[in-house]
K.L.:
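Before I ask anything, here is the structure I am working with.
Numbers for residues simply follow the sequence, beginning at 1. We use all heavy atoms of the structure for the numbers below, so side chains are in, but hydrogens, waters and symmetry mates are not.
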Amino acid sequence: FRFHVVSDGKFKLDGGAMFGVIPRKMWQKEKSVDADNRIDMGTNCLLIEAGNDLVLVDTGLGNKQDEKFQRIFAYEADETINFERFKTSVVPEDWPRVETSITNAVANGTPGDVEYRIHPNDGGMRWIVSRGRPFFKHTGEPVRLVGLSMDITEQKRAAGETLALR
């Protein structure tokens with residue numbers, strides 16, 4: 001067997017959310033924060049080569065989304081999340097931008113990064129940023145997109161308020 005760590009990209013996370021009750025001055029010695037108190041985080045997968053077979057161990061979100069994820073994306077607890085279902089949650093005017101990001105990522109084998117709006121179950125609207133990259137079979141056929149989606153609605157609201165004050 002041969003083992004490889006595969007970077008699935010980076011994202012930012014609130015330092016307080018990551019370290020919880022550990023005082024900031026302790027963890028900030030190891031992790032610097034940006035102006036919004038966010039730290040850089042990485043998402044990694046493990047690729048195992050076993051002869052001619054490749055096994056991708058993805059420890060990401062998988063299919064065990066919590067209630068918050070289900071509420072934000074308007075999914076039911078037992079619902080299978082697939083491409084068509086995802087598309088129905090995206091605001092129609094934003095879909096071309098999302099589709100272009102996915103298409104470019106798959107065509108070029110590079111990470112994708114896109115901001116878009118969704119309509120959750122509560123009838124409102126949420127802003128999401130998704131970052132991910134495609135994985136391919138040894139034949140070059142795309143197998144899946146692996147990444148991370150974060151709700152950035154509050155950041156967008158705050159940015160809008162800041163612009164309004166200018």
Side-chain angles (χ1 to χ4, degrees), residues 1-15 17-19 30-76 79-120 125-156 159:
F1 296 104
R2 292 181 54 198
F3 300 91
H4 309 276
V5 175
V6 179
S7 173
D8 191 31
K10 294 184 179 193
F11 65 99
K12 291 197 178 268
L13 180 68
D14 181 82
M18 176 63 192
F19 293 104
E30 299 295 322
K31 287 281 194 181
S32 59
V33 297
D34 66 11
D36 295 319
N37 197 45
R38 298 175 303 182
I39 59 173
D40 289 323
M41 299 289 292
T43 54
N44 295 317
C45 299
L46 179 64
L47 181 65
I48 304 170
E49 288 184 74
N52 291 329
D53 295 323
L54 297 175
V55 178
L56 181 65
V57 180
D58 176 9
T59 58
L61 292 175
N63 62 356
K64 298 174 181 73
Q65 286 74 27
D66 63 13
E67 289 179 22
K68 181 178 179 182
F69 179 92
Q70 293 166 10
R71 186 178 67 251
I72 290 170
F73 282 94
Y75 294 134
E76 299 298 324
E79 185 175 3
T80 299
I81 301 170
N82 60 30
F83 190 74
E84 286 305 312
R85 177 61 180 93
F86 165 68
K87 183 178 177 180
T88 65
S89 66
V90 176
V91 171
E93 300 87 55
D94 292 357
W95 180 249
R97 187 171 59 254
V98 173
E99 186 175 39
T100 297
S101 178
I102 294 168
T103 301
N104 288 342
V106 171
N108 301 320
T110 57
D113 187 344
V114 64
E115 291 183 5
Y116 55 95
R117 297 165 296 163
I118 61 167
H119 289 296
M125 187 198 61
R126 308 295 295 178
W127 275 96
I128 303 296
V129 62
S130 291
R131 295 182 176 111
R133 64 180 288 220
F135 283 87
F136 301 89
K137 291 182 179 180
H138 66 281
T139 61
E141 178 185 352
V143 178
R144 63 186 289 192
L145 292 169
V146 177
L148 176 74
S149 294
M150 295 183 297
D151 184 340
I152 59 168
T153 305
E154 289 306 311
Q155 291 92 326
K156 288 286 193 177

K.L.:
Could you tell me which non-hydrogen atom of Tyr116 sits nearest to which non-hydrogen atom of Arg97, and how far apart they are?
P.N.:
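Of all heavy-atom pairs spanning Tyr116 and Arg97, the closest is CA-NH2, 3.9 Å.
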K.L.:
Any side-chain heavy atom of Asp151 within less than 4.5 Å of one from Ile128?
P.N.:
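Yes, side chains in contact.
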K.L.:
At what distance, to the nearest 0.5 angstrom, does CE of Met150 lie from CD of Glu115?
P.N.:
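Those atoms lie 9.5 Å apart.
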K.L.:
Compare every heavy atom of Pro134 with every heavy atom of Ala105, then report the nearest pair and how far apart it is.
P.N.:
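That would be O-CG, 3.2 Å.
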K.L.:
Is a side-chain donor or acceptor of Arg131 paired with a backbone partner of Pro111 at a separation under 3.5 angstrom?
P.N.:
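Flag not set: sc Arg131 to bb Pro111 has no pair under 3.5 Å.
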K.L.:
Take Val114 and Val129 through the side chain to side chain contact (heavy atoms under 4.5 Å, CB included) test and state the conclusion after the steps.
P.N.:
CA-CA 6 Å; Val114 64; Val129 62; over 6 Å; no
K.L.:
For Val91 and Met125, work out which heavy atoms get closest and say how close.
P.N.:
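What the structure gives for the nearest pair is CG2-CG, 4.4 Å.
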K.L.:
Quick one: pull up OG in Ser130 and CD1 in Ile102 and give me the separation to the nearest 0.5 Å.
P.N.:
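Reported to 0.5 Å precision, the distance equals 8.0 Å.
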K.L.:
Any salt bridge between Glu93 and Arg117, counting N to O under 4.0 Å?
P.N.:
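A salt bridge links Glu93 with Arg117.
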